[in-house]
Amino acid sequence: MLMSQLYAPTLRETPAEAELASHRYMLRAGLMRRSAAGIYTFLPLGLRVVRKVEAIIREEMNRIGGQEVLMPIVQPAELWQETGRWNDYGEEMFRLTDRHNRQFCLGPTHEELVTDLVRAEVRSYRQLPLRLYQIQNKYRDEIRPRFGLIRGREFIMKDMYSFDRDEAGLDESYWACYHAYERIFSRCGLDVRPVEADSGAIGGDVTHEFMVLADVGEAVVLYCSACDYAANVERAESGKVAQSEVPPKQLPMEEVATPGKTTIAEVTEFLGAAPQQCIKTMIYLADGEPVAALVRGDHELNEIKFQRVLGCASLELADTATIERVTGAPVGFAGPVGLRIPVVADHAATEVVNAVVGANKADYHIKNVNIGRDFQVTRTADIRVVVAGDPCPKCGAPLTSAYGIEVGQVFKLGTKYSAALKATFLDENGTEQPLIMGCYGIGVGRTVAAVIEQNHDEHGIAWPVAIAPYHVIVVPVTIKDEQQAKTAREIYEALQRADVEVVLDDRDERPGVKFKDADLIGFPIRITVGPKSLRKGMAEITLRKTGERMELPVDQITDYVVKTIKG
Ligand code: ATP
Ligand code: MG
C-alpha cells in the first residue's frame with residue numbers, strides 16, 4: 001500500500017470530545033470517524049485491526065468446537081416477550097415497528113434468538129454439546145455513550161452460546177471458553193485479569209469478566225497479590241478482619257442529642273467519635289417490604305450483595321414516608337434499637353462494641369449500643385463494599401483495588417432461557433430435559449481500544465504485531481532523491497514478496513511529518529532510507545515499541561523483518 005493512496009486522514013489536533021488515549025488516537029491516526037453519539041465508521045486502518053482481532057477470535061472459537069453462524073440484527077418482539085425481556089430491557093433497547101405495525105428490536109444480545117433457533121432443531125442428547133457463535137453488530141442505546149469504542153451504541157461483539165445436556169457438560173463448555181478467552185486476549189497483546197462477577201439477582205450461577213486493568217476503566221476490581229483471588233467490586237468478598245483479643249467492656253446505653261446531624265460525617269464530628277464506632281442503618285424496600293441494612297460507619301452497603309442475600313426481585317431505598325413510618329423519626333436518625341422490621345447486619349457491623357446508632361427519634365443518637373444486649377438482627381451476612389486493604393477471602397492477605405475495562409464475559413446461564421422458551425431435548429431414557437446453556441461475549445471494538453490503552457505513548461499507538469494494521473512502513477527521507485526512492489521501493493517490494501504487510505510512504509512531505517504519522521499510526525517497524533546509511537548500502541530500522549534503532553544492509557532487511565514479526 002502506498003501512503004499517498006491510503007485513506008488514513010491523520011489529525012494533528014486532539015479532537016475535543018476524546019478523553020481517553022484510545023479514543024484520541026483512533027480519531028487522530030485515521031482509524032475511524034464518528035457519525036453519531038456512540039456510532040462510528042471504521043476507516044481502512046481501523047477495519048484491518050478489527051478484522052485481525054476477529055480472525056484471532058474465530059481461530060480460538062473454532063478450536064474449542066465453536067461453529068460460526070450469523071443471526072439477524074432485527075429480531076421479533078414476540079421472542080423477547082416470551083422471556084419477559086421485552087419489558088425488562090427498558091430504554092437500552094432500540095425498538096422499531098414495521099409497515100404492518102409489528103414490533104422488532106435491534107439485537108442488544110442474542111440469547112432469545114439462538115435459543116429459538118436451537119429449540120426447533122435439537123431433539124436428542126446425541127446432538128449435544130453444541131457451541132454456536134457469531135461476530136456481529138450489537139445495538140444498545142446506552143445512557144452515556146462515551147470513550148469511543150469502549151461504550152458505543154452500535155458495536156461489534158463476538159457472542160457464543162453453548163448447549164449441553166447437563167451441568168458437567170456446561171462446566172466443560174464454560175472452562176473451554178474461559179481458556180480460549182485467555183488465549184485470545186493474550187494473542188491480542190493484552191494483559192487481562194479474569195475476575196469473579198455477579199450474575200444478577202437470579203443468583204447461583206457462575207460468571208467471570210475479563211478485565212484489562214487501566215486507570216481509565218469504568219469497573220472496579222479487587223484482587224489479591226498473594227493468591228489468585230480477583231473479583232469485581234459488585235461481587236468481591238472480604239475475609240474476616242482480626243478482632244482485638246480482649247473486647248472492650250460494654251458500657252450502658254446513653255441517648256445523646258445530635259440536633260440536625262444526620263450523616264456519619266456530621267455525627268462523628270459532633271460527638272468526637274470515629275466512623276468505625278458507628279453503625280449506619282438504612283431502610284430499603286425489598287419487593288415492597290421494608291427491611292433494614294446495618295453497616296459500619298466507615299463502610300458502604302453493596303446493594304447487589306444485599307439483594308442476593310435477600311433473594312428479592314426488586315430492591316430500592318425506602319421513600320421518606322416509609323422511613324418515618326418504620327422508624328418513627330425523620331430521615332437520618334434510623335437505628336436498630338427497637339426496630340420492628342427484618343434487620344440484616346454486615347459482619348463488621350456486628351463486631352462494633354459500644355456503637356453509636358440513630359435513636360429512631362428526631363435529633364437523637366444513642367451511644368454504647370451493643371448487639372445481642374440492645375438489639376437483635378434477623379441475619380448477619382457479607383453486604384458491604386469491599387475496599388483495598390480488606391483481607392482476601394481466600395488467603396487473608398490485603399486486597400488491592402484497581403480500575404478495569406471489561407473486554408469479555410463468560411456466563412453459566414443454566415436453564416434460564418431454555419425453560420422460558422421451552423427448548424428441550426430427549427435424554428437416553430427418552431425423558432424430556434431443558435437444554436443447559438452458557439453465553440460468552442467479547443467486545444471486539446472495546447478490545448481494540450483496550451489494546452491502545454495498554455500500548456501507546458505521547459506520540460501515538462504502538463501496536464502489538466499480531467493486530468497491527470500493517471507491520472512495516474518504509475520511509476524514504478526525501479522521495480525526490482532518486483536513489484532513496486529506488487531503494488525504498490526495492491525494500492517495499494521485497495517485503496511484499498515475503499508476505500509482510502507494508503506501507504511505502506511515497507509522499508513528498510518533510511521527514512518530520514512522515515515520522516510523526518508513522519509513530520501516530522503505530523507501525524511496529526519503521527525502515528528509514530536516508531542519505532547517510534544509504535552511502536554504506538544500509539537502511540535504518542526503528543522498533544516502535546522500544547524505540548530501538550539499528551542499521552542493516554539493505555539486502556538483509558527482509559529476513560530481519562520476517563523474523564521479527566514471526567517471533
Ligand atoms: P458493561 O457492563 O460494560 O455495560 P455488559 O456487561 O453489559 O457491559 P455484556 O452483555 O457482558 O456487556 O457484553 C459482552 C461484551 O460486549 C462486554 O464484555 C464488552 O466487551 C462488550 N460491550 C458491552 N457493551 C458495550 C458497548 N456499549 N460498547 C462496546 N462494547 C460493549
Ligand atoms: Mg458483561
Side-chain angles (χ1 to χ4, degrees), residues 1-6 8 10 25 29-31 44-45 48-49 51-52 55-56 186-189 451-452 454-567:
M1 172 56 69
L2 299 176
M3 196 67 172
S4 60
Q5 307 294 303
L6 181 65
T10 56
Y25 286 142
L31 301 177
L45 288 177
R48 286 178 75 94
V49 176
R51 292 289 181 251
K52 287 190 177 184
I56 292 173
S186 135
R187 287 180 62 185
C188 290
V451 169
I452 299 175
Q454 282 191 346
N455 297 276
H456 73 270
D457 59 19
E458 69 274 26
H459 305 295
I461 306 167
W463 290 111
V465 170
I467 65 165
Y470 285 90
H471 302 132
V472 178
I473 184 160
V474 180
V475 185
V477 170
T478 318
I479 191 77
K480 291 233 172 84
D481 178 299
E482 232 172 80
Q483 195 54 40
Q484 283 182 40
K486 181 167 163 281
T487 308
R489 185 164 277 275
E490 278 166 12
I491 295 172
Y492 168 67
E493 282 169 0
L495 288 170
Q496 280 187 323
R497 281 194 301 276
D499 278 335
V500 173
E501 299 170 22
V502 56
V503 172
L504 173 64
D505 198 342
D506 59 336
R507 296 174 301 170
D508 183 15
E509 288 279 6
R510 282 180 293 113
V513 170
K514 292 187 278 198
F515 296 157
K516 273 214 169 75
D517 278 343
D519 281 353
L520 177 61
I521 294 170
F523 300 91
I525 302 173
R526 187 181 88 203
I527 298 166
T528 314
V529 181
K532 254 207 262 149
S533 337
L534 200 52
R535 248 175 266 134
K536 299 179 277 180
M538 310 247 245
E540 188 184 72
I541 293 186
T542 313
L543 302 184
R544 176 68 180 86
K545 191 140 227 172
T546 56
E548 198 182 327
R549 283 157 186 255
M550 75 209 77
E551 281 188 325
L552 272 188
V554 169
D555 60 3
Q556 289 177 24
I557 284 182
T558 305
D559 275 357
Y560 173 83
V561 167
V562 168
K563 254 190 232 124
T564 307
I565 60 183
K566 289 225 172 95

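For the numbers below, each heavy atom of this structure counts, side chains included, while hydrogens, waters and symmetry mates do not.
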With a 4.5 Å cut-off on side-chain heavy atoms, are D517 and E509 touching? no

Just wondering, do T564 and I525 contact through their side chains at under 4.5 Å, heavy atoms? yes

Check for a donor-acceptor pair, side chain of [X] on one end and backbone N or O of [Y] on the other, with a separation under 3.5 Å.
{"X": "K545", "Y": "P464", "value": "no"}
{"X": "T546", "Y": "E548", "value": "yes"}
{"X": "K514", "Y": "V475", "value": "no"}
{"X": "Y492", "Y": "M1", "value": "yes"}
{"X": "Q484", "Y": "G530", "value": "no"}

Got more than 12 heavy atoms from elsewhere within 6.0 Å of NZ, K516? no

Stepwise, does the side chain to side chain donor-acceptor pair (under 3.5 Å) test hold for R535 with S533? CA-CA 5 Å; R535 248 175 266 134; S533 337; over 6 Å; no

Nearest atoms (heavy-atom pairs only) where [X] meets [Y]:
{"X": "G30", "Y": "L45", "result": "O-CB, 4.3 Å"}
{"X": "I461", "Y": "A29", "result": "CD1-CB, 4.3 Å"}
{"X": "C188", "Y": "V451", "result": "O-CG2, 3.7 Å"}
{"X": "T558", "Y": "A494", "result": "OG1-CB, 3.5 Å"}
{"X": "G189", "Y": "N455", "result": "O-ND2, 3.9 Å"}
{"X": "D505", "Y": "I479", "result": "O-CD1, 4.4 Å"}

Per the side chain to side chain contact (heavy atoms under 4.5 Å, CB included) rule, which among V502, I491, V472 passes with V561? V472

Run the side chain to side chain contact (heavy atoms under 4.5 Å, CB included) test against S4 and tell me which residues pass, sequence neighbours left out. L2, D506, R507

Quick test of your reading: applying salt bridge (charged side-chain N to carboxylate O under 4.0 Å, His left out), list the pairs with at least one residue in residues 454-478, sequence neighbours left out, ordered by first then second residue. D457-R544

Applying salt bridge (charged side-chain N to carboxylate O under 4.0 Å, His left out), which residue pairs with at least one partner in residues 550-566 are found, sequence neighbours left out? K536-E551

Verdict with reasoning, V474 to V503, per side chain to side chain contact (heavy atoms under 4.5 Å, CB included): CA-CA 6 Å; V474 180; V503 172; over 6 Å; no

Atom [atom1] in [X], atom [atom2] in [Y]: separation rounded to 0.5 Å?
{"X": "R526", "Y": "T542", "atom1": "CZ", "atom2": "OG1", "answer": "4.0 Å"}
{"X": "I565", "Y": "H471", "atom1": "CD1", "atom2": "NE2", "answer": "4.5 Å"}
{"X": "I473", "Y": "L504", "atom1": "CD1", "atom2": "CG", "answer": "8.0 Å"}
{"X": "Q483", "Y": "T478", "atom1": "CD", "atom2": "OG1", "answer": "12.5 Å"}
{"X": "I521", "Y": "Y470", "atom1": "CD1", "atom2": "OH", "answer": "10.0 Å"}
{"X": "I527", "Y": "L552", "atom1": "CD1", "atom2": "CG", "answer": "9.0 Å"}

Ion pair check, R48 and E501, cut-off under 4.0 Å: yes

Can a salt bridge be assigned to the pair R489 and E493 using a cut-off of 4.0 Å between side-chain N and carboxylate O? yes

Any chance you could lay out the side chain to side chain contact (heavy atoms under 4.5 Å, CB included) test for Y25 and L31, step after step, and finish with the verdict? CA-CA 8 Å; Y25 286 142; L31 301 177; over 6 Å; no

